Chemist: 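My questions all concern the structure below.
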Number of protein chains: 2
Amino acid sequence: MALGGVEPGHTRPGGRTARVRDAVLRAAGDALAEHGMDALDLGDVARRAQVGKTTVYRRWGTVPILVADLLRDMADQSLPRTETGSLLGDLTANARLVQETLADARQGALFKAVIAAATCDAATARALHAFYATRVGEWAPCVEQAVDRGELPPGTDPHEVVRAVSAPLYYSLLCTGGALDAAAADRAAAAAAAAARAGLHVRSGD
Amino acid sequence: MALGGVEPGHTRPGGRTARVRDAVLRAAGDALAEHGMDALDLGDVARRAQVGKTTVYRRWGTVPILVADLLRDMADQSLPRTETGSLLGDLTANARLVQETLADARQGALFKAVIAAATCDAATARALHAFYATRVGEWAPCVEQAVDRGELPPGTDPHEVVRAVSAPLYYSLLCTGGALDAAAADRAAAAAAAAARAGLHVRSGD
DNA sequence: AAGTTAACGGTACTGTTGTTCCGTTAGTAT
DNA sequence: ATACTAACGGAACAACAGTACCGTTAACTT
């Protein structure tokens, strides 16, 4: 796919090119949420986006590459963070947000598909890691504030704490099939807060 | 694929049929670990297993179905549980086992592929949930013993605690790409123990 | 506002994945 | 031992995902 020259979409990024990208990414998201990533046919995506099949194959070429682009698009759409004044309150708000996203039929299926695609291709995996680095980074300040307030020991790794909130929810979604309700979210937040207070997420050495 | 009659492998489960199943499942595991689940070609599996392509398509038919059978096979191979006498020791032993498995090149890739396949097919997802229910159940007794010793509050859900150990490790493997080293395992175990001691995994109501 | 060419889109093609057909092998029953 | 048939295996076939070609559209330049 990547030929000698530059790939399409860079030298002339104006009107039509951008419209095509939007339509294709939206169609890809819909198709992924409906059928999952293995059943994703680029011809079908082209049809949904009302775009030539050739265009999709030329600009993206494979499912993982298309998914990686979708992830970059998703990372750009940042969500507002709520501030409650306490660590547990903030982490619970985050946990509820994640839980509601994953429990939602379309969004949950989309996340599953995207994560599955990342297991098949290194570049897609990098895009997924970048996506989570972005999302986790958006919530890290609430941990930093907790350190400043004296709720947490100094040296606590904010990213580590935020990741600890999401982990059990994703583990349920992907592995065990456990319930993804508000109670699960609250438990995840409380557990992360307890571990952080116990100093288990203090950076050692570096 | 599932025709009116019975599917192959049930009415005559003796020698050859069993040998074919073993060879195909081993070949499927190898192929999954090498290429990931989207690049899995049943014809290639048949070649590796030195078995007719027709046989693989007749008995399994699709990638998710084959993966589901592989999962049943994996669940049967149970691992011995080490007992250290303390909750933290036992959970750390479990965390190290999971961490080493996921960090191993072949095993880690295989788990990724299997989880990806489960996102594409409901029956495969059920097989995956059953696999984790089995594995988690094998380690639940160490939590029960901790309750008996008085280390944990009565009513603590053993499965919940064991799942809490694995969650951050799988989250690193699948989503964030975080390090999967012994330190990560120890942190996961310590965090789960802290949350359990704080009574966060006590069954409420039911 | 006229020209240049990046990027799009339809159609015809190719290669691989999955199916069908039928003959052969080997478990199981008597 | 012999008969019966479930399950396997090879080869020819069909369908569809992905590619190549080339004419058309529209973004950017001067």
Side-chain angles (χ1 to χ4, degrees), chain A residues 1-28 31-32 34-69 113 117 120-121, chain B residues 1-28 31-32 34-69 113 117 120-121:
Chain A
M1 77 240 75
L3 330 139
V6 197
E7 282 165 45
H10 292 279
T11 51
R12 208 178 258 187
R16 180 169 62 168
T17 297
R19 272 198 309 280
V20 166
R21 178 171 183 250
D22 286 349
V24 169
L25 292 187
R26 186 192 322 280
L32 279 174
E34 279 178 38
H35 307 302
M37 91 109 194
D38 73 325
L40 189 62
D41 168 22
L42 296 193
D44 179 52
V45 170
R47 224 172 301 123
R48 286 168 183 258
Q50 294 182 302
V51 153
K53 187 173 77 156
T54 316
T55 300
V56 176
Y57 277 102
R58 185 169 31 225
R59 272 186 73 176
W60 291 278
T62 72
V63 171
I65 291 171
L66 177 57
V67 172
D69 199 26
C120 304
D121 179 73
Chain B
M1 79 243 78
L3 331 137
V6 197
E7 280 166 45
H10 292 281
T11 50
R12 204 180 263 186
R16 180 169 61 168
T17 297
R19 273 199 307 279
V20 165
R21 178 171 183 250
D22 286 348
V24 169
L25 292 187
R26 183 191 326 277
L32 280 175
E34 280 178 38
H35 308 302
M37 92 110 195
D38 72 325
L40 189 62
D41 168 22
L42 296 193
D44 178 52
V45 171
R47 224 171 302 123
R48 286 167 182 259
Q50 294 182 304
V51 152
K53 186 173 75 156
T54 317
T55 300
V56 175
Y57 277 103
R58 187 170 30 226
R59 272 186 74 175
W60 291 278
T62 71
V63 171
I65 292 171
L66 176 58
V67 172
D69 200 25
C120 303
D121 180 73

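Every value quoted in this text rests on a predicted model; they were computed, and no experiment measured them. Here is the naming used below: chain letters follow the sequence lines, and residue numbers restart at 1 for every chain.
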Chemist: Taking atom C1' of D/dA7 as reference, at what distance in whole Å does atom CG of B/Asp22 sit?
Modeler: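 So the CG-C1' distance, B/Asp22 to D/dA7, works out to 16 Å.
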
Chemist: Can you establish whether the number of heavy atoms outside B/Arg48 located under 6.0 Å from its atom CZ is more than 12?
Modeler: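 Yes - once you tally the heavy atoms of other residues, nucleotides and ligands closer than 6.0 Å, there are more than 12.
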
Chemist: Mind checking whether A/Val20 and A/Val56 have side chains closer than 4.5 Å, heavy atoms only?
Modeler: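 A side-chain contact is absent here, since even the closest heavy-atom pair is not under 4.5 Å.
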
Chemist: So does B/Arg47 pair up with B/Asp44, basic N to acidic O under 4.0 Å?
Modeler: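 Counted as a salt bridge, because a side-chain N and a carboxylate O are separated by less than 4.0 Å.
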
Chemist: Can you tell which of D/dG18, C/dC8, D/dC8 lies closest to the side chain of A/Tyr57?
Modeler: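 Given the options D/dG18, C/dC8, D/dC8, the side chain of A/Tyr57 is closest to D/dG18.
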
Chemist: When you match A/Lys53 and A/Arg59 each to their closest nucleotide on DNA chain C, which lands nearer the 5' end?
Modeler: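 It is A/Arg59 whose nearest nucleotide is closer to the 5' end.
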
Chemist: Starting from P on D/dG10, measure out to CZ on B/Arg47 and report it in whole angstrom.
Modeler: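 Answer to the nearest Å: 12 Å.
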
Chemist: Between A/Gln50 (CD) and C/dC8 (C1'), how many Å, whole number?
Modeler: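 Spelled out: CD on A/Gln50 to C1' on C/dC8 is 15 Å.
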
Chemist: Starting from the 5' end of DNA chain D, give me the residue, B/Gly52 or A/Gly43, whose nearest nucleotide shows up first.
Modeler: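 So the residue in question is B/Gly52.
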
Chemist: Tell whether B/Thr17 reaches the base of C/dG27 with its side chain through a donor-acceptor pair below 3.5 angstrom.
Modeler: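 For B/Thr17, whose side chain was compared with the base of C/dG27, there is no donor-acceptor pair (under 3.5 Å).
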
Chemist: Looking at side-chain heavy atoms only, is the closest gap between A/Val63 and B/Asp38 below 4.5 Å?
Modeler: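 A/Val63 vs B/Asp38: side chains apart.
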
Chemist: Given D/dC8, C/dT17, C/dT11, identify the nucleotide with an atom nearest to the side chain of B/Asp41.
Modeler: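 For the B/Asp41 side chain, the nearest candidate turns out to be C/dT17.
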
Chemist: Taking five pairs at each end, how big is the angle between the two axes of the helix from C/dA1-D/dT30 to C/dT16-D/dA15, to 10°?
Modeler: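 That helix gives 30° between its end axes.
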
Chemist: Please give, in whole Å, the distance from D/dG18 P to A/Leu42 CG?
Modeler: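 Spelled out: CG on A/Leu42 to P on D/dG18 is 6 Å.
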
Chemist: Determine: side-chain N/O of A/Thr54 to OP1/OP2 of C/dC8, distance under 4.0 Å, yes or no.
Modeler: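 No, outside the criterion.
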
Chemist: Given atom CZ of B/Arg58 and atom C1' of C/dC22, what is their separation to the nearest angstrom?
Modeler: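 The answer, rounded to whole Å, is 11 Å.
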
Chemist: Round to a whole Å and report the spacing from CZ of B/Arg16 to C1' of C/dT28.
Modeler: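 Checked: the CZ to C1' distance equals 12 Å.
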
Chemist: Is it true that A/Arg59 and A/Asp69 have a side-chain N and a carboxylate O under 4.0 angstrom from each other?
Modeler: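 Salt bridge between A/Arg59 and A/Asp69, a charged N being under 4.0 Å from a carboxylate O: no.
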
Chemist: Do A/Trp60 and A/Val24 have side chains that approach each other closer than 4.5 Å (heavy atoms only, starting at C-beta)?
Modeler: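 The answer is yes; the side chains approach within 4.5 Å.
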
Chemist: Would you mind reading off the distance between B/Arg19 atom CZ and C/dT25 atom P, rounded to a whole angstrom?
Modeler: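 So the two atoms are 15 Å apart, to the nearest Å.
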
Chemist: Whole Å only: how far is the CG atom of A/Leu40 from the P atom of D/dG18?
Modeler: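 The answer, rounded to whole Å, is 9 Å.
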
Chemist: Which atoms form the tightest heavy-atom contact between B/Ala117 and B/Met37, and what is the distance?
Modeler: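 Closest approach of B/Ala117 to B/Met37, heavy atoms only: CA-SD, 3.7 Å.
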
